[in-house]
Amino acid sequence: KRPTLLSLVKRKPDIDVVVLVPAEKQSEAKPDPVERPGRLISLDAFRGFTVCLMLIVNNIALDTLTPDSLTHGAWNQGLTLADYVFPWFLLCVGLSIPFSFASFAKKGLPSWRQDARILTRATVLMVLGCLVNCAFERKLFFSLGVLQLIAMAYLVAAYAYELPPLRRAIIASMLLIGYALAILYLPIPGARTGSFTEDANFFGNINKTYLLVYNIDGLFSTVPTAALMIFATLIGDAFLSKKLTHVGRVAILCGVG
């Protein structure tokens, strides 16, 4: 008999049928998970430790009771723990550049987006550095502070990263060698050539004579700073490479160090 409308309304809903699918078929039906770039936990931990130490060093609360290790060492009197904060932070920045590039490459975006991101990060660091300077001076003021130095070194290291590792190593070495040769052999007015004291050294003279009037003294500090970041990208490559064993990574760490 053809069912009437009333019989359709009174009809009980069908019971859902549960179909058991074997595990192997379930795995075939699921879409492949999107591969996400992993994080280097040791870098995250070291960066956190460095930032924590930076905050302690920059905000001394114990006055005269502060341990000597948390204050910067005097000129030519050795290094303290506080003196390692800045180079350690530079190491973290440079080491993270290969991971940033690898993450960007997996997204398949055009290269100009990467350039824009590099320039944006450097600009933000420059602006933050200027804001810090203005806060200390209580007026509009521009100078090359720590954040500005990091920004300029980051620009050099990030754009140099597109070169092969060997060329990066050569460039970083040449920057340091050139910096050292300038100190050793370029003359200084009123002091002997090769002088490297707190009051008489080549780059100090350049700062005081030519750059201080524009508040850009310390500009040439970008040279060794960028060199350290470039060397750090080589370490980042070693950690990122899946071809290297742990022994190979340790060997690269020792060589770059």
Trainee: Using 0.5 Å steps for rounding, measure from the CE atom of Met229 to the CG atom of Leu90.
Mentor: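 Those atoms lie 5.0 Å apart.
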
Trainee: Would you call the rings of Tyr179 and Phe203 parallel, tilted or perpendicular if under 30° counts as parallel and over 60° as perpendicular?
Mentor: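 Rings of Tyr179 and Phe203: parallel, under 30°.
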
Trainee: Using atom types as modelled and distance alone, determine if a side-chain donor or acceptor of Arg117 lies under 3.5 Å from a backbone N or O of Ser100.
Mentor: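 Flag set: sc Arg117 to bb Ser100 pair under 3.5 Å.
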
Trainee: Check Gly94 against Thr233 and note the closest heavy-atom contact, atom names and distance.
Mentor: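 Looking at all heavy atoms of both residues, the closest pair is O-CG2, 3.4 Å.
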
Trainee: Do Pro224 and Leu176 touch side chain to side chain, with heavy atoms closer than 4.5 Å?
Mentor: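 Yes; the side chains approach each other to less than 4.5 Å.
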
Trainee: If we only count heavy atoms from C-beta on, is the Val146 to Val132 side-chain gap below 4.5 Å?
Mentor: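 Not touching, per the 4.5 Å side-chain cut-off.
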
Trainee: Can you tell if the side chain of Leu211 reaches within under 4.5 Å of the side chain of Ile206, non-hydrogen atoms only?
Mentor: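 Touching, per the 4.5 Å side-chain cut-off.
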
Trainee: With a cut-off of 6.0 Å (strictly less than), are more than 12 heavy atoms of other residues, nucleotides or ligands near CZ of Arg249?
Mentor: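 Check passes, neighbour count above 12.
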
Trainee: Considering non-hydrogen atoms only, spot the tightest contact between Leu163 and Arg168 and give its length.
Mentor: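 For Leu163 versus Arg168, the nearest heavy atoms are O-NE, 3.0 Å.
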
Trainee: Looking only at heavy atoms, what is the nearest atom pair of Thr222 and Ala153, with distance?
Mentor: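 It is CG2-N, 4.1 Å.
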
Trainee: Take Leu91 and Ile235 through the test side-chain contact (heavy atoms from CB on, under 4.5 Å) and record every step on the way to the result.
Mentor: CA-CA 9 Å; Leu91 178 69; Ile235 300 175; 3.9 Å; yes

Trainee: Between Leu212 and Tyr214, is there shared hydrophobic-cluster membership here, with clusters defined by ILVMFWY side-chain heavy atoms closer than 4.5 Å?
Mentor: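 No, Leu212 does not connect to Tyr214 through the hydrophobic network.
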
Trainee: Considering only heavy atoms from C-beta outward, does the side chain of Phe196 approach that of Leu184 to under 4.5 Å?
Mentor: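 Heavy-atom side-chain distance check fails, nothing below 4.5 Å.
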
Trainee: Rounded to the nearest 0.5 Å, what separates atom SG in Cys92 from atom CD1 in Ile97?
Mentor: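 The distance works out to 12.0 Å.
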
Trainee: Would you say Asp68 and Thr71 are linked by a side-chain donor-acceptor pair, where the criterion is simply a distance under 3.5 Å?
Mentor: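 Judged by distance alone, the side chains do not pair up.
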
Trainee: Grab the two heavy atoms, one from Phe89 and one from Thr50, that are nearest each other, plus how far apart they are.
Mentor: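 Residues Phe89 and Thr50, closest heavy atoms: N-CG2, 3.8 Å.
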
Trainee: State the CG-CG distance between Leu125 and Leu147, to the nearest 0.5 angstrom.
Mentor: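 Those atoms lie 6.0 Å apart.
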
Trainee: Hey, quick one: are Tyr154 and Tyr159 part of the same hydrophobic cluster, counting side-chain heavy atoms closer than 4.5 Å, chains of contacts allowed?
Mentor: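 Hydrophobic grouping puts Tyr154 with Tyr159.
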
Trainee: Heavy atoms, side chains only, cut-off 4.5 Å: are Leu53 and Tyr84 in contact?
Mentor: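 No, their side chains stay 4.5 Å or more apart.
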
Trainee: Can you sort out the partners of Asp217 under salt bridge (Lys or Arg N to Asp or Glu O under 4.0 Å), two or more places apart, ordered by chain and number?
Mentor: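 None.
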
Trainee: Please examine the side chains of Leu40 and Leu95, heavy atoms only from C-beta on, and report whether any two atoms are closer than 4.5 Å.
Mentor: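 Contact flag for Leu95/Leu40 side chains = yes.
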
Trainee: Looking only at non-hydrogen atoms, find the nearest pair between Ala122 and Leu155 and report the distance.
Mentor: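 Of all heavy-atom pairs spanning Ala122 and Leu155, the closest is CB-CG, 3.6 Å.
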
Trainee: Are the side chain of Gln148 and the backbone N or O of Gly145 linked by a donor-acceptor pair below 3.5 Å?
Mentor: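 Present.
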
Trainee: Determine, using the 4.5 Å side-chain heavy-atom cutoff (strictly less than), whether Phe202 and Met174 are members of one ILVMFWY cluster.
Mentor: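 No, Phe202 and Met174 fall in different hydrophobic clusters.
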
Trainee: If you group Ile, Leu, Val, Met, Phe, Trp and Tyr by side-chain heavy-atom gaps below 4.5 Å, do Trp88 and Val51 land in one group?
Mentor: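 In one cluster: yes.
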
Trainee: Around atom CZ of Phe142, are there more than 12 heavy atoms of other residues, nucleotides or ligands at under 6.0 Å?
Mentor: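 Enclosed.
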
Trainee: Ile177, Leu228: one ILVMFWY side-chain cluster at the under-4.5 Å cut-off?
Mentor: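 Unlinked, Ile177 and Leu228 end up in two clusters.
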
Trainee: Give, for atom OG of Ser96 and atom CG of Leu240, the distance between the pair rounded to the nearest 0.5 Å.
Mentor: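 If we round to the nearest 0.5 Å, Ser96:OG and Leu240:CG are 11.5 Å apart.
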
Trainee: Which residues satisfy the salt bridge (Lys or Arg N to Asp or Glu O under 4.0 Å) test with Asp44, sequence neighbours excluded?
Mentor: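 Applying salt bridge (Lys or Arg N to Asp or Glu O under 4.0 Å) to Asp44 gives Arg39, Arg47.
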
Trainee: Looking only at heavy atoms, what is the nearest atom pair of Ala151 and Met126, with distance?
Mentor: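 Heavy-atom minimum between the residues: CB-CG, 3.7 Å.
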
Trainee: Output the distance between atom CG (Leu55) and atom CG (Asn58), rounded to the nearest 0.5 Å.
Mentor: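 Those atoms lie 7.0 Å apart.
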
Trainee: I need the single residue from Phe101, Phe104, Phe231, Phe99 that forms a ring-ring contact (aromatic ring centres under 6.0 Å, His included) with Tyr161. Which is it?
Mentor: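 Result for ring-ring contact (aromatic ring centres under 6.0 Å, His included) with Tyr161: Phe101.
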
Trainee: Can you measure from CG (Asn205) to OH (Tyr210) and round to the nearest 0.5 angstrom?
Mentor: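 Rounded to the nearest 0.5 Å, the CG-OH separation comes to 7.0 Å.
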
Trainee: Looking at Gly73, is its backbone amide N or carbonyl O close enough to the side chain of Asp83 to form a donor-acceptor pair, meaning the two atoms are under 3.5 Å apart?
Mentor: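 Yes, Asp83 side chain to Gly73 backbone: donor-acceptor pair under 3.5 Å.
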
